[in-house]
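Here is the structure we will look at, set down as C-alpha coordinates.
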2 protein chains.
Amino acid sequence: MQVNYFFYFCSMSNQKRKSDCPINFALELFGDRWSFLIIRDMMFKGKHAYGAFLQSEEKIATNILADRLSLLEKSEIIIKSPDPTHGSKFIYKLTQKGIDLLPVLIEVIMWSSKYDNNTTTDMEFVNRVNRDREGLINELSDNLTKELTQ
Amino acid sequence: MQVNYFFYFCSMSNQKRKSDCPINFALELFGDRWSFLIIRDMMFKGKHAYGAFLQSEEKIATNILADRLSLLEKSEIIIKSPDPTHGSKFIYKLTQKGIDLLPVLIEVIMWSSKYDNNTTTDMEFVNRVNRDREGLINELSDNLTKELTQ
DNA sequence: AAAAGTACTTGTATTATGCAAGTAAATTAT
DNA sequence: ATAATTTACTTGCATAATACAAGTACTTTT
(Lines give C-alpha, C1' and ligand atoms only; values in the text may rest on other atoms or scores of the structure.)
Protein backbone atom coordinates (compact mmCIF):
# COMPACT_ATOMS: atom_id res chain seq x y z
CA MET A 1 0.00 0.00 0.00
CA GLN A 2 1.48 3.23 -1.15
CA VAL A 3 0.89 6.47 0.69
CA ASN A 4 0.82 9.77 -1.10
CA TYR A 5 2.85 12.58 0.43
CA PHE A 6 2.49 14.99 -2.48
CA PHE A 7 0.11 17.16 -0.54
CA TYR A 8 2.60 17.83 2.21
CA PHE A 9 5.14 19.19 -0.22
CA CYS A 10 3.16 21.28 -2.61
CA SER A 11 -0.62 20.73 -2.54
CA MET A 12 -2.89 22.91 -4.64
CA SER A 13 -0.42 25.04 -6.54
CA ASN A 14 2.83 24.30 -8.44
CA GLN A 15 0.92 22.89 -11.38
CA LYS A 16 1.89 24.73 -14.53
CA ARG A 17 -0.67 27.34 -15.45
CA LYS A 18 -3.70 26.17 -17.36
CA SER A 19 -3.89 29.50 -19.19
CA ASP A 20 -2.90 33.16 -18.96
CA CYS A 21 -6.49 34.35 -18.88
CA PRO A 22 -6.99 36.88 -16.06
CA ILE A 23 -9.91 34.93 -14.60
CA ASN A 24 -7.81 31.79 -14.53
CA PHE A 25 -4.84 33.66 -12.99
CA ALA A 26 -7.00 34.70 -10.06
CA LEU A 27 -8.52 31.21 -9.72
CA GLU A 28 -5.11 29.63 -9.53
CA LEU A 29 -4.11 31.96 -6.68
CA PHE A 30 -7.24 31.92 -4.54
CA GLY A 31 -9.89 29.92 -6.40
CA ASP A 32 -10.35 27.25 -3.77
CA ARG A 33 -12.86 26.92 -0.96
CA TRP A 34 -10.79 28.61 1.75
CA SER A 35 -8.34 31.28 0.60
CA PHE A 36 -11.05 33.85 0.01
CA LEU A 37 -12.41 33.34 3.53
CA ILE A 38 -8.96 34.00 4.99
CA ILE A 39 -8.72 37.17 2.90
CA ARG A 40 -12.21 38.17 4.09
CA ASP A 41 -11.16 37.70 7.73
CA MET A 42 -8.15 39.96 7.25
CA MET A 43 -10.05 42.52 5.22
CA PHE A 44 -13.30 42.88 7.14
CA LYS A 45 -12.81 41.24 10.50
CA GLY A 46 -9.45 42.60 11.59
CA LYS A 47 -8.01 39.12 12.02
CA HIS A 48 -4.26 38.76 11.87
CA ALA A 49 -3.39 35.60 13.84
CA TYR A 50 -3.42 31.90 13.03
CA GLY A 51 -5.64 31.13 15.99
CA ALA A 52 -8.13 33.83 14.95
CA PHE A 53 -8.55 32.28 11.49
CA LEU A 54 -9.08 28.87 13.05
CA GLN A 55 -11.95 30.25 15.09
CA SER A 56 -14.00 31.56 12.15
CA GLU A 57 -17.41 29.97 11.94
CA GLU A 58 -16.61 28.02 8.75
CA LYS A 59 -14.09 25.98 10.78
CA ILE A 60 -11.12 25.59 8.50
CA ALA A 61 -8.93 22.58 9.30
CA THR A 62 -5.54 23.49 10.74
CA ASN A 63 -3.51 21.77 8.02
CA ILE A 64 -5.50 23.50 5.28
CA LEU A 65 -5.06 26.85 7.01
CA ALA A 66 -1.29 26.34 7.24
CA ASP A 67 -1.19 25.38 3.57
CA ARG A 68 -3.29 28.34 2.39
CA LEU A 69 -1.38 30.87 4.47
CA SER A 70 1.87 29.71 2.94
CA LEU A 71 0.41 29.82 -0.58
CA LEU A 72 -1.03 33.30 -0.06
CA GLU A 73 2.33 34.40 1.28
CA LYS A 74 4.12 32.83 -1.68
CA SER A 75 1.85 34.68 -4.09
CA GLU A 76 2.47 37.89 -2.14
CA ILE A 77 -1.15 38.50 -1.24
CA ILE A 78 -0.24 38.42 2.45
CA ILE A 79 2.93 38.86 4.51
CA LYS A 80 3.85 37.05 7.68
CA SER A 81 5.93 38.66 10.39
CA PRO A 82 6.78 37.80 14.01
CA ASP A 83 4.54 39.41 16.60
CA PRO A 84 6.86 41.87 18.41
CA THR A 85 4.87 41.69 21.63
CA HIS A 86 4.46 37.94 21.67
CA GLY A 87 7.33 35.60 20.89
CA SER A 88 5.30 32.56 19.90
CA LYS A 89 2.93 34.43 17.58
CA PHE A 90 3.00 35.65 14.01
CA ILE A 91 1.07 38.47 12.41
CA TYR A 92 -0.47 38.02 8.97
CA LYS A 93 -1.35 41.14 6.97
CA LEU A 94 -2.64 41.88 3.50
CA THR A 95 -0.07 43.36 1.13
CA GLN A 96 -1.07 46.05 -1.37
CA LYS A 97 -1.74 43.21 -3.81
CA GLY A 98 -4.11 41.71 -1.26
CA ILE A 99 -5.72 45.03 -0.38
CA ASP A 100 -6.41 45.55 -4.08
CA LEU A 101 -8.77 42.58 -3.95
CA LEU A 102 -11.20 44.76 -1.99
CA PRO A 103 -13.34 45.65 -5.04
CA VAL A 104 -13.68 41.95 -5.85
CA LEU A 105 -14.84 41.11 -2.33
CA ILE A 106 -17.24 44.06 -2.37
CA GLU A 107 -18.87 42.94 -5.61
CA VAL A 108 -19.19 39.39 -4.28
CA ILE A 109 -20.87 40.72 -1.14
CA MET A 110 -23.24 42.86 -3.21
CA TRP A 111 -24.20 39.89 -5.36
CA SER A 112 -24.73 37.51 -2.46
CA SER A 113 -26.72 40.06 -0.48
CA LYS A 114 -29.05 40.32 -3.49
CA TYR A 115 -29.50 36.61 -4.10
CA ASP A 116 -29.14 34.94 -0.71
CA ASN A 117 -32.31 35.01 1.37
CA ASN A 118 -30.36 34.02 4.46
CA THR A 119 -27.53 36.46 4.05
CA THR A 120 -25.98 38.02 7.12
CA THR A 121 -24.75 40.99 5.11
CA ASP A 122 -25.00 44.30 6.95
CA MET A 123 -27.47 46.41 4.94
CA GLU A 124 -25.72 49.58 6.06
CA PHE A 125 -22.73 48.31 4.14
CA VAL A 126 -24.82 47.61 1.04
CA ASN A 127 -26.34 51.09 1.20
CA ARG A 128 -22.96 52.68 1.59
CA VAL A 129 -21.70 50.85 -1.50
CA ASN A 130 -24.70 52.02 -3.49
CA ARG A 131 -24.31 55.62 -2.35
CA ASP A 132 -20.54 55.97 -2.44
CA ARG A 133 -18.65 52.97 -3.74
CA GLU A 134 -15.44 54.84 -4.54
CA GLY A 135 -15.38 56.60 -1.19
CA LEU A 136 -15.89 53.38 0.71
CA ILE A 137 -13.20 51.56 -1.23
CA ASN A 138 -10.75 54.39 -0.59
CA GLU A 139 -11.59 54.50 3.08
CA LEU A 140 -11.27 50.76 3.70
CA SER A 141 -8.23 50.57 1.49
CA ASP A 142 -6.51 53.37 3.40
CA ASN A 143 -7.23 51.67 6.71
CA LEU A 144 -5.70 48.42 5.48
CA THR A 145 -2.68 50.25 4.12
CA LYS A 146 -2.19 51.86 7.53
CA GLU A 147 -2.33 48.44 9.19
CA LEU A 148 0.24 47.21 6.72
CA THR A 149 2.75 49.98 7.34
CA GLN A 150 2.40 49.96 11.11
CA MET B 1 -13.09 -3.03 -2.13
CA GLN B 2 -15.75 -0.42 -1.84
CA VAL B 3 -16.34 2.10 -4.57
CA ASN B 4 -17.63 5.55 -3.83
CA TYR B 5 -20.47 6.76 -5.99
CA PHE B 6 -21.23 9.86 -3.94
CA PHE B 7 -19.80 12.12 -6.60
CA TYR B 8 -22.22 10.90 -9.24
CA PHE B 9 -25.20 11.80 -7.15
CA CYS B 10 -24.33 15.07 -5.58
CA SER B 11 -20.64 16.01 -5.72
CA MET B 12 -19.50 19.42 -4.55
CA SER B 13 -22.75 20.84 -3.24
CA ASN B 14 -25.48 19.43 -0.95
CA GLN B 15 -23.32 19.84 2.10
CA LYS B 16 -25.12 21.99 4.61
CA ARG B 17 -23.90 25.56 4.52
CA LYS B 18 -20.76 26.36 6.45
CA SER B 19 -22.07 29.86 7.17
CA ASP B 20 -24.44 32.54 5.90
CA CYS B 21 -21.64 34.99 5.22
CA PRO B 22 -22.04 36.51 1.74
CA ILE B 23 -18.49 35.58 0.75
CA ASN B 24 -19.12 32.00 1.78
CA PHE B 25 -22.47 31.92 -0.05
CA ALA B 26 -20.72 32.79 -3.29
CA LEU B 27 -17.91 30.33 -2.66
CA GLU B 28 -20.35 27.50 -2.12
CA LEU B 29 -22.02 28.23 -5.46
CA PHE B 30 -19.01 28.82 -7.70
CA GLY B 31 -15.89 28.72 -5.51
CA ASP B 32 -14.21 25.84 -7.25
CA ARG B 33 -11.60 25.74 -10.00
CA TRP B 34 -14.02 25.51 -12.92
CA SER B 35 -17.42 27.17 -12.47
CA PHE B 36 -16.03 30.66 -12.88
CA LEU B 37 -14.34 29.70 -16.16
CA ILE B 38 -17.65 28.41 -17.52
CA ILE B 39 -19.31 31.68 -16.50
CA ARG B 40 -16.46 33.59 -18.16
CA ASP B 41 -16.99 31.64 -21.39
CA MET B 42 -20.68 32.50 -21.42
CA MET B 43 -20.13 36.11 -20.41
CA PHE B 44 -17.19 37.16 -22.57
CA LYS B 45 -16.73 34.51 -25.22
CA GLY B 46 -20.27 33.98 -26.44
CA LYS B 47 -20.12 30.27 -25.69
CA HIS B 48 -23.41 28.47 -25.20
CA ALA B 49 -22.79 24.81 -26.02
CA TYR B 50 -21.30 21.90 -24.12
CA GLY B 51 -18.76 21.22 -26.84
CA ALA B 52 -17.66 24.86 -26.85
CA PHE B 53 -16.88 24.76 -23.11
CA LEU B 54 -14.90 21.57 -23.59
CA GLN B 55 -12.72 23.30 -26.16
CA SER B 56 -11.58 26.16 -23.91
CA GLU B 57 -7.85 26.23 -23.44
CA GLU B 58 -8.01 25.22 -19.78
CA LYS B 59 -9.33 21.80 -20.91
CA ILE B 60 -12.04 20.96 -18.42
CA ALA B 61 -12.76 17.23 -18.10
CA THR B 62 -16.11 16.21 -19.52
CA ASN B 63 -17.46 14.74 -16.26
CA ILE B 64 -16.52 17.87 -14.34
CA LEU B 65 -18.16 20.04 -17.00
CA ALA B 66 -21.37 18.02 -16.79
CA ASP B 67 -21.33 18.27 -13.02
CA ARG B 68 -20.70 22.03 -12.92
CA LEU B 69 -23.32 22.79 -15.56
CA SER B 70 -25.92 20.93 -13.53
CA LEU B 71 -24.87 22.69 -10.31
CA LEU B 72 -24.94 26.11 -11.97
CA GLU B 73 -28.35 25.27 -13.36
CA LYS B 74 -29.54 24.10 -9.95
CA SER B 75 -28.39 27.35 -8.37
CA GLU B 76 -30.12 29.27 -11.17
CA ILE B 77 -27.02 31.00 -12.46
CA ILE B 78 -27.57 29.42 -15.88
CA ILE B 79 -30.49 27.88 -17.74
CA LYS B 80 -30.38 24.98 -20.14
CA SER B 81 -32.75 24.68 -23.07
CA PRO B 82 -32.90 22.49 -26.18
CA ASP B 83 -31.35 23.99 -29.29
CA PRO B 84 -34.32 24.64 -31.61
CA THR B 85 -32.21 24.27 -34.75
CA HIS B 86 -30.32 21.21 -33.65
CA GLY B 87 -32.07 18.30 -32.00
CA SER B 88 -29.07 16.79 -30.26
CA LYS B 89 -27.78 20.06 -28.79
CA PHE B 90 -28.59 22.19 -25.78
CA ILE B 91 -28.09 25.89 -25.25
CA TYR B 92 -26.75 27.19 -21.96
CA LYS B 93 -27.36 30.83 -21.07
CA LEU B 94 -26.72 33.06 -18.07
CA THR B 95 -29.83 34.00 -16.12
CA GLN B 96 -30.18 37.48 -14.63
CA LYS B 97 -28.58 36.07 -11.48
CA GLY B 98 -25.64 34.95 -13.59
CA ILE B 99 -25.47 38.20 -15.56
CA ASP B 100 -25.30 40.07 -12.25
CA LEU B 101 -21.93 38.43 -11.62
CA LEU B 102 -20.48 40.69 -14.32
CA PRO B 103 -19.08 43.28 -11.83
CA VAL B 104 -17.33 40.48 -9.96
CA LEU B 105 -15.69 39.15 -13.10
CA ILE B 106 -14.71 42.67 -14.16
CA GLU B 107 -12.99 43.36 -10.83
CA VAL B 108 -11.16 40.05 -11.03
CA ILE B 109 -9.97 40.91 -14.53
CA MET B 110 -8.82 44.36 -13.38
CA TRP B 111 -6.88 42.84 -10.49
CA SER B 112 -5.23 40.12 -12.55
CA SER B 113 -4.32 42.52 -15.34
CA LYS B 114 -2.52 44.62 -12.73
CA TYR B 115 -0.63 41.78 -11.05
CA ASP B 116 -0.05 39.18 -13.73
CA ASN B 117 2.94 39.90 -15.94
CA ASN B 118 1.78 37.30 -18.43
CA THR B 119 -1.81 38.37 -18.61
CA THR B 120 -3.65 38.13 -21.89
CA THR B 121 -6.12 40.81 -20.83
CA ASP B 122 -7.11 43.19 -23.58
CA MET B 123 -5.86 46.63 -22.50
CA GLU B 124 -8.68 48.28 -24.42
CA PHE B 125 -11.01 46.57 -22.02
CA VAL B 126 -9.04 47.77 -18.98
CA ASN B 127 -9.05 51.34 -20.30
CA ARG B 128 -12.76 51.21 -20.94
CA VAL B 129 -13.37 50.06 -17.35
CA ASN B 130 -11.23 52.91 -16.03
CA ARG B 131 -12.99 55.48 -18.16
CA ASP B 132 -16.57 54.30 -17.94
CA ARG B 133 -17.14 51.33 -15.66
CA GLU B 134 -20.88 51.87 -15.26
CA GLY B 135 -21.44 52.35 -18.97
CA LEU B 136 -19.53 49.19 -19.83
CA ILE B 137 -21.37 47.13 -17.26
CA ASN B 138 -24.72 48.38 -18.56
CA GLU B 139 -23.75 47.70 -22.15
CA LEU B 140 -22.48 44.16 -21.56
CA SER B 141 -25.31 43.42 -19.21
CA ASP B 142 -27.89 44.55 -21.77
CA ASN B 143 -26.32 42.36 -24.43
CA LEU B 144 -26.47 39.32 -22.17
CA THR B 145 -30.07 40.07 -21.24
CA LYS B 146 -30.93 40.23 -24.94
CA GLU B 147 -29.29 36.83 -25.47
CA LEU B 148 -31.31 35.47 -22.59
CA THR B 149 -34.68 36.64 -23.88
CA GLN B 150 -34.07 35.59 -27.47
C1' DA C 1 8.14 23.85 37.56
C1' DA C 2 3.73 22.92 35.54
C1' DA C 3 0.02 24.18 32.67
C1' DA C 4 -1.65 26.50 28.80
C1' DG C 5 -1.20 28.98 24.32
C1' DT C 6 0.51 29.28 19.52
C1' DA C 7 1.65 27.63 15.15
C1' DC C 8 2.17 24.30 13.19
C1' DT C 9 3.10 18.69 11.26
C1' DT C 10 1.68 13.94 10.63
C1' DG C 11 -1.33 10.07 9.61
C1' DT C 12 -5.31 8.44 7.77
C1' DA C 13 -10.07 8.55 5.94
C1' DT C 14 -13.19 10.81 2.91
C1' DT C 15 -14.37 13.73 -1.00
C1' DA C 16 -13.20 15.92 -5.43
C1' DT C 17 -10.87 15.89 -9.77
C1' DG C 18 -8.62 13.97 -14.00
C1' DC C 19 -8.42 10.74 -17.62
C1' DA C 20 -9.88 7.19 -20.78
C1' DA C 21 -13.49 4.84 -22.51
C1' DG C 22 -18.26 3.93 -23.55
C1' DT C 23 -23.30 5.15 -24.77
C1' DA C 24 -27.60 6.87 -26.83
C1' DA C 25 -29.95 10.01 -29.60
C1' DA C 26 -29.72 13.05 -33.51
C1' DT C 27 -27.54 14.60 -37.74
C1' DT C 28 -24.85 14.37 -41.93
C1' DA C 29 -22.59 11.86 -45.62
C1' DT C 30 -22.66 8.19 -49.03
C1' DA D 1 -31.38 3.73 -46.47
C1' DT D 2 -27.33 2.72 -44.09
C1' DA D 3 -23.12 4.09 -42.10
C1' DA D 4 -20.34 7.39 -40.04
C1' DT D 5 -20.16 11.44 -37.25
C1' DT D 6 -21.61 14.80 -33.86
C1' DT D 7 -23.38 15.97 -29.37
C1' DA D 8 -24.02 15.57 -24.65
C1' DC D 9 -23.34 13.09 -21.71
C1' DT D 10 -22.14 8.47 -18.09
C1' DT D 11 -19.04 5.08 -16.07
C1' DG D 12 -14.89 3.19 -13.98
C1' DC D 13 -10.91 3.90 -11.97
C1' DA D 14 -6.58 6.50 -10.55
C1' DT D 15 -4.89 10.57 -8.36
C1' DA D 16 -5.23 14.87 -5.73
C1' DA D 17 -7.47 17.78 -2.19
C1' DT D 18 -9.79 18.21 2.13
C1' DA D 19 -11.36 16.85 6.89
C1' DC D 20 -10.45 15.15 11.22
C1' DA D 21 -7.82 13.60 15.13
C1' DA D 22 -3.62 13.53 17.19
C1' DG D 23 1.02 14.94 18.14
C1' DT D 24 5.17 18.35 18.46
C1' DA D 25 8.15 22.24 19.60
C1' DC D 26 8.53 26.58 21.28
C1' DT D 27 6.78 30.40 24.24
C1' DT D 28 4.17 32.40 27.85
C1' DT D 29 1.48 32.56 31.91
C1' DT D 30 0.48 30.72 36.55
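Side-chain atoms are counted along with the backbone in the values below, which use heavy atoms only and exclude waters and symmetry mates.
- Of the candidates A:K45, A:R33, A:R40, A:R40 is the only one forming a salt bridge (Lys or Arg N to Asp or Glu O under 4.0 Å) with A:E58.
- Between A:R17 and B:E57, none of the side-chain N atoms (NZ, or NE/NH1/NH2) sits under 4.0 Å from a carboxylate O, so this pair counts as no salt bridge.
- Comparing A:I60 and B:A66, the nucleotide of DNA chain D nearest to each residue sits closer to the 5' end for B:A66.
- Sequence neighbours left out, the pairs with a member in residues 140-150 of chain A that pass side chain to side chain donor-acceptor pair (under 3.5 Å) are A:H48-A:E147.
- In this structure, B:W34 reaches the C:dG18 phosphate: one of its side-chain N or O atoms is under 4.0 Å from OP1 or OP2.
- Between B:R68 and C:dT17 there is a side-chain N or O to OP1 or OP2 distance below 4.0 Å.
- Here the side chain of A:D32 is nearest to one of D:dA8, D:dT18, C:dT10, namely D:dT18.
- Backbone-only contact: A:K80 has heavy atoms under 4.0 Å from sugar-phosphate atoms and none from a base.
- Side-chain atoms of B:T62 and B:Y50 include a donor-acceptor pair closer than 3.5 Å.
- Atoms CG (B:L65) and P (C:dC19) sit 14 Å apart, rounded to a whole Å.
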Checklist outcome for this item: Scoring nucleotides 22-30 of chain C by protein non-hydrogen atoms under 4.0 Å (B base, S sugar-phosphate only, - none) yields ----SSS--
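- Nearest to the side chain of B:I64, among C:dA7, D:dC20, C:dG18, sits C:dG18.
- No donor-acceptor pair closer than 3.5 Å links the side chain of B:K93 to the backbone N or O of B:M42.
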